**Student:** 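First, the structure itself, so that you have it in front of you.
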Number of protein chains: 4
Amino acid sequence: MSANSADLPDIDKAELRRLQVLDAAAACFRLAGFHAASMASIAKAAGMSVGHIYHYFANKEAIISAIIDREQHKQLQVIHMLLRAENTIEALIEHAEQGLADSLDLSNSALNFEMIAEASRNPKVAEMLQASNRVLHEFGKDIITKARVDLPALSEEDNNARCDLIISLFDGLSMRAISNPRLNTQAVLPALQRTIVQIVRS
Amino acid sequence: MSANSADLPDIDKAELRRLQVLDAAAACFRLAGFHAASMASIAKAAGMSVGHIYHYFANKEAIISAIIDREQHKQLQVIHMLLRAENTIEALIEHAEQGLADSLDLSNSALNFEMIAEASRNPKVAEMLQASNRVLHEFGKDIITKARVDLPALSEEDNNARCDLIISLFDGLSMRAISNPRLNTQAVLPALQRTIVQIVRS
Amino acid sequence: MSANSADLPDIDKAELRRLQVLDAAAACFRLAGFHAASMASIAKAAGMSVGHIYHYFANKEAIISAIIDREQHKQLQVIHMLLRAENTIEALIEHAEQGLADSLDLSNSALNFEMIAEASRNPKVAEMLQASNRVLHEFGKDIITKARVDLPALSEEDNNARCDLIISLFDGLSMRAISNPRLNTQAVLPALQRTIVQIVRS
Amino acid sequence: MSANSADLPDIDKAELRRLQVLDAAAACFRLAGFHAASMASIAKAAGMSVGHIYHYFANKEAIISAIIDREQHKQLQVIHMLLRAENTIEALIEHAEQGLADSLDLSNSALNFEMIAEASRNPKVAEMLQASNRVLHEFGKDIITKARVDLPALSEEDNNARCDLIISLFDGLSMRAISNPRLNTQAVLPALQRTIVQIVRS
DNA sequence: AATGAATGAGCCTTCATTCAT
DNA sequence: TATGAATGAAGGCTCATTCAT
């Protein structure tokens with residue numbers, strides 16, 4: 001149908017424009033933070049006029065929300081992709097290297113810090129992070145349970161606690177990238193892997 | 001002497017005013033972040049006119065720097081106070097409870113997130129955090145070494161890596177307070193303690 | 001073409017807005033001086049919001065520069081127009097009356113004083129005045145040379161000196177308008193004309 | 001009397017402090033202009049606290065007025081001193097060199113420009129300049145009359161006009177120092193002297 | 001869909017002036 | 001006489017947002 005072949009590209013185009021704005025905004029937010037980045041800078045980075053951005057987003061806050069939403073999905077997807085098929089502790093250990101690298105990559109974590117800072121004052125943003133975290137926990141629960149098939153089952157609370165500890169390790173390491181730029185990846189990796197095993201199986 | 005009792009309070013008074021501003025600024029920054037908090041709000045919180053703040057600080061950035069500086073000192077002092085006399089792994093384990101509580105206390109960590117976010121774009125702020133971290137590492141090195149008196153010595157790099165991991169745990173846990181408000185302290189504490197021991201002694 | 005009649009006005013419109021700001025600024029600067037005139041007063045005089053002025057000028061200093069630039073061009077153009085075709089001493093003498101009237105017109109010279117005062121501390125402004133002055137000298141050189149066709153040629157330095165003297169007369173007279181408001185144009189004009197002739201031909 | 005010997009020095013001291021402020025203010029005004037110079041900068045230059053300046057002057061405007069007043073007196077005194085005894089055209093010619101040098105000295109004229117600019121908007125300041133100018137005219141009248149003892153007497157208006165022209169020359173030359181920094185004193189002086197003679201005696 | 005002109009509130013900062021000591 | 005702490009009113013400038021085209 002002509003309507004179909006004409007409409008779909010239009011819908012796609014609009015969605016593409018939206019993504020174009022989000023990419024530009026993410027870049028600006030990374031460089032300047034949510035508040036210091038101006039709509040003008042985002043428009044420039046997106047190659048579009050300031051006014052036109054308001055066709056796709058109600059206001060700056062909506063862009064921030066969309067960014068946070070997308071970023072959380074991206075992070076979950078990365079984890080999913082890494083551990084999908086296998087979903088075992090061996091996979092977790094094996095991929096710790098990639099996880100460590102990601103944690104230490106400032107271009108990954110800069111937006112994350114912005115989100116955490118924002119969430120610490122904005123309950124709506126906090127809820128977004130929490131929703132994402134619930135999925136992460138669901139995922140971690142599986143891995144831990146599988147990894148302990150030969151050991152006594154854990155209480156739900158204990159399982160969650162261990163899960164929190166592992167996530168904390170990676171989140172905390174992303175903060176290290178800033179406070180300790182001389183952090184030695186090669187020295188940290190084995191210790192990190194040992195620690196993960198210990199958390200899961202002790 | 002009267003000179004003494006008259007002069008000293010004057011010196012103190014100026015310093016007191018400065019602290020008054022810093023306290024007010026810290027409160028505002030916690031609530032709104034470095035950039036969204038206005039000088040007017042800080043002045044109001046400090047019970048002083050906007051203009052007068054500029055007698056004590058050259059500009060807003062100077063206030064931010066002073067806050068960061070003070071906050072880093074506070075954190076180091078807390079650690080020092082906790083572990084000073086003993087400086088052993090037992091003390092570390094014992095005080096993990098307090099450390100965990102501090103990490104999970106948003107009123108402690110909100111400013112910390114602000115600092116990290118700021119440091120991820122502002123090299124001067126980053127340097128302040130790094131200087132503070134160097135002291136922390138010096139301290140951690142001692143504890144780890146003492147805790148391993150019966151074990152083979154570690155290379156400097158390995159020691160540092162373990163130190164980074166332990167700090168990461170606490171930093172990461174402070175992020176948990178936001179992403180997982182239902183985090184169960186009682187369940188986390190023993191796992192955390194076990195993990196610290198493992199990191200230090202494995 | 002419709003494109004033509006639609007596009008050109010747009011270009012002109014922006015330029016018109018710019019001129020609108022400059023006219024408003026000139027009026028405000030005349031009344032209050034460069035520093036005492038506020039952006040708010042300029043915006044009001046230009047019938048436009050404060051913020052919008054910054055679409056046309058980077059900052060207040062840029063407005064001042066543009067005003068100075070335009071004012072210098074205006075002055076050179078007036079002189080050009082007066083003496084263009086003829087370029088003789090007779091024209092100079094004849095137009096001395098207009099020149100005197102211009103010098104004594106405070107609405108002309110108020111901005112000039114502002115510029116001189118500014119130039120005496122701001123090297124960039126000084127350079128603008130000096131560039132304009134060089135053109136003026138080029139022009140004066142021609143007139144003096146032509147006026148002395150029957151007399152021995154002057155050294156470059158002597159020619160310049162005489163040129164400076166004539167300009168000084170007019171500039172100085174503009175200061176008289178303030179220090180001596182009772183100055184009698186009718187009495188000054190013949191003496192001024194005699195003096196110009198003497199400076200050129202003695 | 002002890003009262004006398006105690007009071008007089010006090011009065012002198014107060015007057016000295018006043019002058020100290022004026023000197024400091026003159027320096028600041030020269031560098032930054034009346035409006036851009038802050039009371040704080042004046043206080044610092046005067047080696048005294050900001051608040052104390054208000055014991056000697058009601059407000060900043062009073063300082064400006066006092067500066068203008070003093071500056072005008074200074075200038076008249078200089079002229080008086082130069083031409084006092086002789087009061088002849090020969091003296092005028094002879095001292096033209098010093099007059100030219102003074103005119104071209106920016107440290108002399110910077111305050112003058114500030115005054116003129118201020119007078120062009122502030123009637124009170126204008127009146128001060130005009131009062132000073134009246135004295136100057138009185139003085140010039142004498143010189144011109146004496147110089148023309150062998151020539152027909154001039155009408156009051158003609159005499160004033162010539163006086164204005166001579167003053168204009170020097171005022172205008174002070175503007176040259178800014179618009180034409182390459183002005184050649186040696187070339188200008190003889191032309192200036194010839195012109196003065198011509199104005200007085202033609 | 002797309003532009004960018006236009007607004008106005010609000011921000012950081014400065015400064016003349018006052019006042020307690 | 002002398003200080004400098006304290007105020008509050010502007011000032012220049014930015015920026016999210018709207019709207020006519």
Side-chain angles (χ1 to χ4, degrees), chain A residues 10 13-14 16-17 35-44 46-64, chain B residues 6 9-10 13-14 16-18 35-43 46-64, chain C residues 6 9-10 13-14 16-18 32 35-43 46-64, chain D residues 10 13-14 17 35-44 46-64:
Chain A
D10 273 13
K13 198 185 168 193
L16 257 163
R17 289 295 243 170
H35 288 98
S38 70
M39 289 298 288
S41 73
I42 295 172
K44 193 175 177 182
M48 136 183 2
S49 74
V50 181
H52 199 42
I53 291 185
Y54 284 82
H55 277 254
Y56 300 107
F57 296 94
N59 48 37
K60 194 181 172 184
E61 210 191 313
I63 301 181
I64 294 177
Chain B
D10 272 14
K13 199 182 168 194
L16 256 162
R17 289 297 243 167
R18 249 187 79 97
H35 289 97
S38 70
M39 288 298 291
S41 73
I42 295 172
M48 131 183 7
S49 74
V50 180
H52 197 42
I53 291 185
Y54 286 83
H55 276 256
Y56 299 105
F57 297 93
N59 48 37
K60 193 182 172 183
E61 210 190 313
I63 300 181
I64 295 178
Chain C
D10 271 13
K13 199 182 167 193
L16 257 162
R17 288 297 244 169
R18 249 188 79 97
H35 289 98
S38 71
M39 288 299 290
S41 72
I42 295 172
M48 140 182 359
S49 74
V50 179
H52 197 40
I53 291 185
Y54 286 83
H55 277 255
Y56 299 106
F57 297 93
N59 48 37
K60 193 181 173 185
E61 208 191 314
I63 300 181
I64 295 177
Chain D
D10 272 11
K13 197 185 170 193
R17 289 296 243 169
H35 289 98
S38 70
M39 289 296 289
S41 72
I42 295 172
K44 193 175 177 182
M48 130 183 9
S49 75
V50 181
H52 199 42
I53 292 185
Y54 284 82
H55 276 256
Y56 300 107
F57 297 93
N59 49 35
K60 193 181 172 183
E61 210 192 313
I63 301 181
I64 295 178

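Letters go in sequence order (proteins before strands), and every chain restarts at 1. Because the structure is a prediction, the values reported are computed rather than measured.
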**Student:** How does DNA chain F look in dot-bracket form if you count Watson-Crick and G-U pairs under 3.5 Å, write [ ] for pairs that cross, and put | where a base pairs with another strand?
**Tutor:** .||||||||||||||||||||
**Student:** B/Ile63 has an atom CD1; how far is it from atom P of E/dC11, in whole Å?
**Tutor:** 14 Å
**Student:** Check the distance between E/dA5's C1' and C/Ile53's CD1 and give it to me in whole angstrom.
**Tutor:** 14 Å
**Student:** Categorize B/Ala37 for me: base, sugar-phosphate, or nothing, with a 4.0 angstrom heavy-atom threshold over every strand shown.
**Tutor:**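 Contact class for B/Ala37: sugar-phosphate only.
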**Student:** For B/Arg17 and F/dA6, what is the distance between atoms CZ and P respectively, to the nearest whole Å?
**Tutor:** 4 Å
**Student:** With under 30° as parallel and over 60° as perpendicular, where do the rings of A/His52 and A/His55 fit, or are they tilted in between?
**Tutor:**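 Rings of A/His52 and A/His55: tilted, as their planes differ by 30° to 60°.
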**Student:** Roughly how many Å is it from NZ in C/Lys13 to P in E/dT3, rounded to a whole number?
**Tutor:**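 One finds 18 Å between P of E/dT3 and NZ of C/Lys13, rounded.
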**Student:** Categorize B/Tyr56 for me: base, sugar-phosphate, or nothing, with a 4.0 angstrom heavy-atom threshold over every strand shown.
**Tutor:**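 Sugar-phosphate only.
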**Student:** Check the distance between F/dT3's P and D/Lys44's NZ and give it to me in whole angstrom.
**Tutor:** 15 Å
**Student:** Whole-Å distance between E/dA1 C1' and A/Met48 CE?
**Tutor:** 10 Å
**Student:** If you assign each of A/Ser38 and B/His52 to its closest nucleotide in DNA chain F, which residue comes earlier from the 5' end?
**Tutor:**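 It is B/His52, whose closest nucleotide lies nearer the 5' terminus.
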**Student:** Over all heavy atoms of both residues, which pair between B/Ser49 and B/Ala43 is shortest? Give the atoms and the distance, please.
**Tutor:** C-CB, 3.9 Å
**Student:** How do C/His55 and B/Gly51 order along DNA chain F: which one's closest nucleotide is nearer the 5' end?
**Tutor:**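 The residue closer to the strand's 5' end, by nearest nucleotide, is B/Gly51.
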**Student:** Nearest whole angstrom, please: distance from the P of E/dT13 to the CE of C/Met39.
**Tutor:** 19 Å
**Student:** Can you name the nearest heavy-atom pair linking C/His35 to C/Lys60, along with the distance?
**Tutor:** O-NZ, 3.4 Å
**Student:** What's the separation between atom CD1 in B/Ile42 and atom CD1 in B/Ile63, rounded to the nearest 0.5 Å?
**Tutor:**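 If I round to the nearest 0.5 Å, the distance is 5.0 Å.
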**Student:** Among E/dA16, F/dA16, F/dA2, which nucleotide has an atom closest to any side-chain atom of D/Tyr54?
**Tutor:**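 Of the candidates, E/dA16 comes closest.
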**Student:** Within this structure, what is the CD-to-C1' distance between C/Glu61 and F/dG12, rounded to whole angstrom?
**Tutor:** 12 Å
**Student:** Testing the basics here: between C/Ala37 and C/Ser41, what is the closest heavy-atom pair and its distance to 0.1 Å?
**Tutor:**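 Shortest heavy-atom separation between C/Ala37 and C/Ser41 comes out as C-OG, 4.1 Å.
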**Student:** Reading DNA chain E from 5' onward, which residue's closest nucleotide shows up sooner: D/Ala58 or B/Ala40?
**Tutor:**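 Nearest-nucleotide comparison on DNA chain E picks B/Ala40.
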**Student:** I need the minimum non-hydrogen distance between B/Tyr56 and B/Arg18, along with the two atoms involved.
**Tutor:**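 B/Tyr56 and B/Arg18 have their closest heavy atoms at O-NH1, 3.4 Å.
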